[in-house]
Amino acid sequence: MPELPEVETTRRGVAPLLTGRRLESLLVRDHRLRWPVRLPADLPGQALLGVSRRAKYLLFHFDHGTLIVHLGMSGSLRVLPVQMPYRKHDHLVANFTGGHSLRLHDPRRFGSVHWHAGDPAGDGEAALAGHWLLARLGIEPLDAAFNGQYLKTRARKRKLAVKSFIMDARVVVGVGNIYASEALFLAGIRPTVPAGRVTLAAFEALAREIGNVLGAAIRMGGTTLRDFVNQDGNPGYFQQTLYVYGRGGEPCRICGSTLKSVRLAGRATVYCPKCQKAQGFRKPEC
DNA sequence: ACTGGCTCCTGAGGGC
DNA sequence: TGCCCTCAGGAGCCAG
């Protein structure tokens with residue numbers, strides 16, 4: 001399940017291998033992703049100018065447009081020698097000059113691929129930001145402007161649970177279930193508290209912890225880049241110690257209390273009833 | 001304007 | 001060993 005650190009790690013792995021190369025051929029082996037894949041006939045022949053990221057969308061910038069790729073929850077990208085046989089669920093194959101073959105693998109097909117036409121020069125960048133998939137996205141969690149005051153302002157009068165609030169991509173992007181759960185634990189905030197009732201101080205701790213946990217995961221992901229081309233390495237971010245996610249019923253690593261498991265907006269949610277209070281009250285010692 | 005529920009899909013894991 | 005069941009989840013969409 002690619003969270004933002006894995007998407008960023010993917011970008012950093014793929015970009016240096018493919019940037020500057022020309023797309024020689026494109027094969028859509030299965031167009032049935034989240035939305036049917038429809039790509040222009042003139043995409044082959046274009047050069048890849050660079051790869052960037054917005055939220056969990058990877059943006060492959062070509063001469064005359066941008067390929068917008070989302071990995072869903074089971075998607076992955078790898079760059080392999082062009083002669084390597086396809087795997088089951090390799091839905092998209094993009095062969096570049098130099099024998100580099102980019103493969104989109106996505107068993108559950110929750111991912112998506114869109115083409116946005118428009119030269120990157122001129123107003124292309126602004127037009128891309130207005131793409132319907134990207135237009136309503138909130139702030140990047142690693143942006144300096146993402147802080148407690150931002151969250152406090154956005155949470156005004158909101159009644160939904162703070163965990164659901166920080167998982168809303170219109171507020172802040174890239175905070176999936178794992179990192180929302182962990183950051184709330186580290187900030188000492190109970191996930192079920194209405195967002196509008198969280199104090200500024202607690203939001204400041206939460207913004208800090210979200211940044212910390214995502215930043216650390218990206219740095220760890222970087223350590224697996226060496227293996228990126230050839231094989232499935234353990235994604236580095238997964239080596240992080242998980243305090244609550246997936247640990248319902250087990251003892252809290254800090255205080256030993258039994259971790260409580262609830263569902264919030266259909267998402268498994270685990271918290272420590274002692275370490276996580278309504279207003280947030282301490283940062284557990286790590 | 002908000003909010004929660006639904007939906008897509010396959011593979012993993014548990015129970016027997 | 002094998003089968004069936006349940007569950008997991010990102011995020012757009014929609015009804016209330």
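None of these values were measured; they are calculated from a predicted model. In what follows, chains are A, B, ... by sequence order, proteins preceding strands, each numbered from 1.
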Can you find a side chain N or O atom of A:Tyr245 that sits less than 4.0 Å from OP1 or OP2 on C:dG9?
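For C:dG9, OP1/OP2 do have a side-chain N/O of A:Tyr245 under 4.0 Å.
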Which letter, B, S or -, goes with each nucleotide of nucleotides 11-16 of chain C from 5' to 3', with contact meaning a protein heavy atom under 4.0 Å?
BBS---
Could you state the [atom1]-[atom2] distance from [X] to [N], rounded to the nearest angstrom?
{"X": "A:Lys159", "N": "B:dC2", "atom1": "NZ", "atom2": "P", "value": "11 Å"}
{"X": "A:Arg263", "N": "B:dG5", "atom1": "CZ", "atom2": "P", "value": "10 Å"}
{"X": "A:Asp106", "N": "C:dA8", "atom1": "CG", "atom2": "C1'", "value": "14 Å"}
{"X": "A:Arg108", "N": "B:dC9", "atom1": "CZ", "atom2": "C1'", "value": "7 Å"}
{"X": "A:Met73", "N": "C:dC7", "atom1": "CE", "atom2": "C1'", "value": "10 Å"}
{"X": "A:Phe110", "N": "C:dG9", "atom1": "CZ", "atom2": "P", "value": "11 Å"}
{"X": "A:Arg32", "N": "B:dT10", "atom1": "CZ", "atom2": "P", "value": "7 Å"}
{"X": "A:Asp30", "N": "B:dC9", "atom1": "CG", "atom2": "P", "value": "11 Å"}

A:His116: which residues meet the side-chain contact (heavy atoms from CB on, under 4.5 Å) condition with it, sequence neighbours left out?
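side-chain contact (heavy atoms from CB on, under 4.5 Å) list for A:His116, sorted by chain: A:Ile68, A:Ala127, A:Leu128, A:His131.
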Quick check on contacts: within residues 148-157 of chain A, what sits under 4.0 Å from DNA chain B by heavy-atom distance?
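Per residue number, the list is empty: none.
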Please tell me whether A:Met167 and A:Val244 are part of a single hydrophobic cluster in this structure, the criterion being side-chain heavy atoms less than 4.5 Å apart.
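Unlinked, A:Met167 and A:Val244 end up in two clusters.
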Any link between A:Val37 and A:Val69 through a network of hydrophobic side chains (Ile, Leu, Val, Met, Phe, Trp, Tyr) touching at under 4.5 Å?
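Yes.
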A:Glu6/A:Lys56 salt bridge by N-O under 4.0 Å criterion
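Salt bridge between A:Lys56 and A:Glu6, a charged N being under 4.0 Å from a carboxylate O: no.
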Distance from A:Leu142 atom CG to A:Leu4 atom CG, nearest 0.5 Å?
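Result: 6.5 Å between the selected atoms.
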Using the ring-ring contact (aromatic ring centres under 6.0 Å, His included) rule, collect all pairs that involve residues 17-48 of chain A, keeping only residues at least two apart or in two chains.
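Sorted pair list: A:Trp35-A:His114, A:Trp35-A:Trp132.
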Side chain proximity check, [X] to [Y], heavy atoms < 4.5 angstrom:
{"X": "A:Tyr150", "Y": "A:Ile139", "result": "yes"}
{"X": "A:Leu186", "Y": "A:Asn212", "result": "no"}
{"X": "A:Arg87", "Y": "A:Arg103", "result": "no"}

Let me check the geometry of the helix from B:dC2-C:dG16 to B:dC16-C:dG2. What is the bend angle between the axes at its two ends, five pairs each, to 10°?
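End axes: 50° apart.
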Does the plane of the ring in A:His89 sit parallel, tilted or perpendicular to the ring in A:His105? Use 30° and 60° as the thresholds.
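Rings of A:His89 and A:His105: perpendicular, over 60°.
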If you pin A:Arg158 and A:His89 to their nearest nucleotides in DNA chain B, which one's is more 5'?
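With A:Arg158 and A:His89 compared, the 5'-side residue is A:Arg158.
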Could you pull out every donor-acceptor pair under 3.5 Å between side chains of residues 191-198 of chain A and any protein atom, sequence neighbours left out?
none

From the list [options], which nucleotide is the closest neighbour of the side chain of [X]?
{"X": "A:Pro107", "options": "C:dG10, B:dT3, B:dG11", "value": "B:dG11"}
{"X": "A:Leu160", "options": "B:dG4, B:dC9, C:dG9", "value": "B:dG4"}
{"X": "A:Lys88", "options": "C:dG9, B:dG11, B:dC2", "value": "B:dG11"}

Verify salt bridge (Lys or Arg N to Asp or Glu O under 4.0 Å) between A:Glu204 and A:Arg208, making sure each step is shown before the conclusion.
CA-CA 6 Å; A:Glu204 281 171 346; A:Arg208 191 166 55 242; 5.9 Å; no
